[in-house]
2 protein chains.
Amino acid sequence: MTTRRSDATRAAILTAARERFAADGFERATIRAIAADARIDPSMVMRYYGNKEGLFAAAAEFDLRLPDFAGAEPTAVGEVLVRHFLERWEGDDTLLALLRAAVTQEGPAERMRAIFAGQLGPLAARLAPEADQAPLRAGLVASQMLGFALCRYVLRLPPMAGLERDEAVAWLGPTVQRYLTGPDSL
Amino acid sequence: MTTRRSDATRAAILTAARERFAADGFERATIRAIAADARIDPSMVMRYYGNKEGLFAAAAEFDLRLPDFAGAEPTAVGEVLVRHFLERWEGDDTLLALLRAAVTQEGPAERMRAIFAGQLGPLAARLAPEADQAPLRAGLVASQMLGFALCRYVLRLPPMAGLERDEAVAWLGPTVQRYLTGPDSL
DNA sequence: CGGTGTAGTCAACAGTTGTTGGCAAACGCC
DNA sequence: GGCGTTTGCCAACAACTGTTGACTACACCG
């Protein structure tokens, strides 16, 4: 990989884009505003990322960075996973940008599906009692974690937005644990 | 209440607005498109509802219509509530419109908070072991139900979108039940 | 029948948006 | 040092947006 002279500019654009997309959503985050934040001309954005969708695709690359959980005891995976998810969410606004965009744009929605199916799926596959239930269980986990993130970071529902992290882990952990390893509910 | 001659038009506008807001979100649902669906001129929308925000406010009025649960045995409230929520969601696209808009607009977000705090709160207050935990427990229930709706109806995450209603109730019911009546997790 | 208010249409404005092409400066290899 | 390539800025376009005001037609009431 050769380092181009414009790499700093490209990075500044991506940082500004992530912030704007996270704060305003896809449509209300304008290329002009992003360019202004990055202190460059809007046309540079087009040159480097083609169009607005390309910019978003580049800015919203994301990895949940799920740990292995090989060492952790299987009964504590729920709490560990919830805590990791919360930290991952708060340390990076890519997920917020992704969620805000995925609600109205098909591209970001597809990426969201890929992230939660592709990264949570293998974990569920290793923990689920029956192998063929892995996607279902991963989906249930996603529904609770995304729902909590929605209420806490997007809608700012007071009791959820003000919850201490430990409290959140204590409440959500058992739910996630049951979705992963609990008995089939039917 | 006198019935105006224009009531049919007003209703047509609201119906079209709900559909468009639900399908496209707040910004991408244009007044022109809504007016076209309702077969009237865009300026009528402005006359009757002031501006786009006013239109949304009128179109997104919503009542969860939570039943009393006075007769139901307290241990089954979780499943009954989840089933009611799913039916309410699928029979009316107001909630979908509200969710799609609330993610990027402050007004709709506030309405969302009001609905879940104001309508779910009293139920939680009646069922929660400790009275002061009612808002927290209502918030937790909202996080799981909204998260499921997000994955199922908005992101269309395959395992959630394809779930039978009974399966969904069986999986989510115990979670909601625990959030409402389970022991304090801390 | 005449007049008043309501319902609806039409055309246009003003602002914003993504996007484009041309042109100037800086860089880096020969 | 010259020259092609890269980096950047500027101005503009074309489309679309919410919104407005003027004008017509109809309905209803006296």
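Chain A is the first sequence line, chain B the second, and so forth, proteins listed ahead of strands; every chain is numbered from 1.
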### Message
Quick check for you: among D/dC9, C/dT9, C/dG18, whose closest atom lies nearest to any side-chain atom of B/Asp41?
### Response
C/dT9
### Message
Under 4.0 Å, counting only non-hydrogen atoms across every strand here, what does A/Ser43 touch: a base, just sugar-phosphate, or nothing?
### Response
base
### Message
When you compare the side chains of B/Gln144 and A/Ser143, does any donor N or O come within less than 3.5 Å of an acceptor on the partner?
### Response
yes
### Message
Students often get this wrong, so: under 4.0 angstrom with heavy atoms, is A/Tyr48 touching a base, only sugar-phosphate, or nothing?
### Response
sugar-phosphate
### Task
Write down the distance between CZ (A/Arg4) and P (C/dA26), rounded to a whole number of angstrom.
22 Å
### Task
Determine whether A/Leu150 and B/Leu99 make a side-chain contact, defined as any pair of heavy atoms from C-beta on separated by less than 4.5 Å.
yes
### Query
Think A/Arg137 forms a cation-pi with A/Tyr179, using NZ or CZ under 6.0 Å from the six-ring centre and within 45 degrees of its axis?
no
### Query
Where the side chain of B/Thr30 is concerned, which of D/dG18, C/dT20, C/dG8 is the nearest nucleotide?
D/dG18
### Task
Measure the distance from CG on A/Asp7 to P on C/dC27 and round it to the nearest whole Å.
16 Å
### Task
Answer yes or no: is there a donor N or O on one side and an acceptor on the other, between the side chain of A/Arg18 and the main chain of A/Ala97, under 3.5 Å?
no
### Query
How long is the line joining CZ of A/Arg47 and P of D/dT7, in whole Å?
8 Å
### Query
So what is the end-to-end bend of the helix from C/dC1-D/dG30 to C/dC30-D/dG1, with 5 pairs used at each end and the value given to 10 degrees?
0°
### Query
Whole-Å distance between D/dT20 P and B/Asn51 CG?
8 Å
### Query
Among D/dT17, D/dC9, D/dT19, which nucleotide sits nearest the side chain of B/Ile31?
D/dT19
### Task
Starting from C1' on D/dG8, measure out to CZ on A/Arg10 and report it in whole angstrom.
13 Å
### Task
Please determine, for the side chain of B/Ile40, which listed nucleotide (C/dA7, C/dT9, D/dG8) has the closest atom?
C/dT9
### Message
Nearest to the A/Arg32 side chain among C/dT9, D/dA12, D/dG8, which nucleotide is it?
### Response
D/dA12
### Query
In whole Å, what is the span from the NZ atom of A/Lys52 to the P atom of C/dT17?
9 Å
### Query
Just how far, in rounded Å, is C1' of D/dT6 from CE of A/Met46?
19 Å
### Query
Is it true that the side chains of A/Gln119 and A/Arg65 contain a donor and an acceptor less than 3.5 Å apart?
no
### Message
Any donor-acceptor pair under 3.5 Å linking the side-chain atoms of B/Arg100 with those of A/Thr104?
### Response
no
#### Entry: B/Thr15 side chain to B/Glu19 side chain, donor-acceptor N/O pair below 3.5 angstrom
no
#### Entry: Interatomic distance where CD1 belongs to A/Ile13 and C1' belongs to D/dT7 [whole Å]
11 Å
